[in-house]
Amino acid sequence: MPLARNAVYRVGRCYMSSWQATAPVLDAAGELLQAWCVTADQHGVDMSAFSAASEWVDRLAVIALEMTCRNARELRPSTHEQAIALLDAVVMRLAERGIETQRRMLHVPLPRADTVPEQGTSRPVPLAITIELEHGWMLVTDEPAASPLVEIVGRCDEAGIDALLDLTHLIDEGAYGDAFHR
């Protein structure tokens, strides 16, 4: 599976502009791509001829990623009360990680890392986690007006909080550059 997983991670980081997928979503897409490669091999298609960077592998990786993202987006709160409760759970999980913050309306501000890029603004600002009922997790700059959005694709329930926090930590530290750059 390393070949398939690496292909999904690579195309995922290339094609995601207004959204980022959590590690479990990327892993599920890698597993799906691997299963397709095994099936192709069983049907006489020699998959060893394809490298991780081949055009066909890229195309299949994008499709696998889109399919797993669609499934992940189905798990989200359906009411504002459920979203608030989930954001409160995010605050508690951050506290377990030694990060003190509190929910402000429908936002959970994250402390700004020293390495964070400007993130879609003209100056470095902290990021915040929010929830949109239509999409699920969203990452915004912690400014109330005209805040750009980045959808975080992953389970938008208590089981998905750790993967969300792992990804937002990487984004906050600048691992993916300006996450809001389109």
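If you read the sequence from its start, that first residue is 1, and numbering goes on from there. Quantities reported herein were computed from a predicted structural model and do not represent experimental measurements.
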For the residue pair Ala72 and Val153, what are the closest heavy atoms and their distance?
CB-CG1, 4.1 Å
For residues Met105 and Arg103, report the shortest heavy-atom separation together with the two atoms involved.
O-NH1, 2.8 Å
Set of residues satisfying side-chain contact (heavy atoms from CB on, under 4.5 Å) with respect to Gln82, sequence neighbours excluded
Pro77, Ser78, Thr79
Only counting residues at least two apart or in another chain, list the ones meeting side-chain contact (heavy atoms from CB on, under 4.5 Å) with Arg104.
Pro109, Asp142
Among residues at least two apart in sequence or on other chains, which ones pass side-chain contact (heavy atoms from CB on, under 4.5 Å) with Leu106?
His80, Ile84, Leu87, Thr130
Which of Ile171, Leu94, Thr101, Ile99 passes side chain to side chain contact (heavy atoms under 4.5 Å, CB included) with Leu110? Answer is Leu94
Which residues satisfy the salt bridge (charged side-chain N to carboxylate O under 4.0 Å, His left out) test with Arg70, sequence neighbours excluded?
none
Taking atom CD of Gln20 and atom CG of Leu167, what is their separation to the nearest 0.5 Å?
6.0 Å
Beyond-backbone contact of Trp137 with Ile161, side-chain heavy atoms, under 4.5 angstrom:
yes
What pair of heavy atoms forms the shortest contact from Val140 to His107, and how long is it?
CG2-CD2, 3.4 Å
When hydrophobic residues are tied together by side-chain contacts of less than 4.5 Å, even through go-betweens, does Trp19 share a cluster with Leu133?
no
Could you pull out the closest heavy-atom pair between Leu33 and Ala61, with the gap in Å?
CD2-CB, 3.8 Å
Just verifying a value: how many Å separate Cys37 SG and Leu32 CG, rounded to the nearest 0.5 Å?
9.5 Å
Quick check for you: to the nearest 0.5 Å, what is the distance between Asp88 atom CG and Arg93 atom CZ?
12.5 Å
Arg73: salt bridge (charged side-chain N to carboxylate O under 4.0 Å, His left out) partners, not counting sequence neighbours:
Glu151
Nearest heavy-atom approach of Thr68 to Ala29 is OG1-CB, 3.4 Å
Measuring from Leu139:CG to Leu164:CG, what's the distance to the nearest 0.5 Å?
8.0 Å
Determine, using the 4.5 Å side-chain heavy-atom cutoff (strictly less than), whether Met138 and Leu75 are members of one ILVMFWY cluster.
no
Can you name the nearest heavy-atom pair linking Ala83 to Ile131, along with the distance?
O-CD1, 3.7 Å
For Ile152, the option from Ile129, Thr22, Val25 that meets side chain to side chain contact (heavy atoms under 4.5 Å, CB included):
Thr22
Return the set of residues passing side-chain contact (heavy atoms from CB on, under 4.5 Å) with Ala159 (not counting sequence neighbours), or none when no residue passes.
Arg155, Asp157
Do Arg76 and Glu132 sit within salt-bridge range, that is, some charged N less than 4.0 Å from a carboxylate O?
no
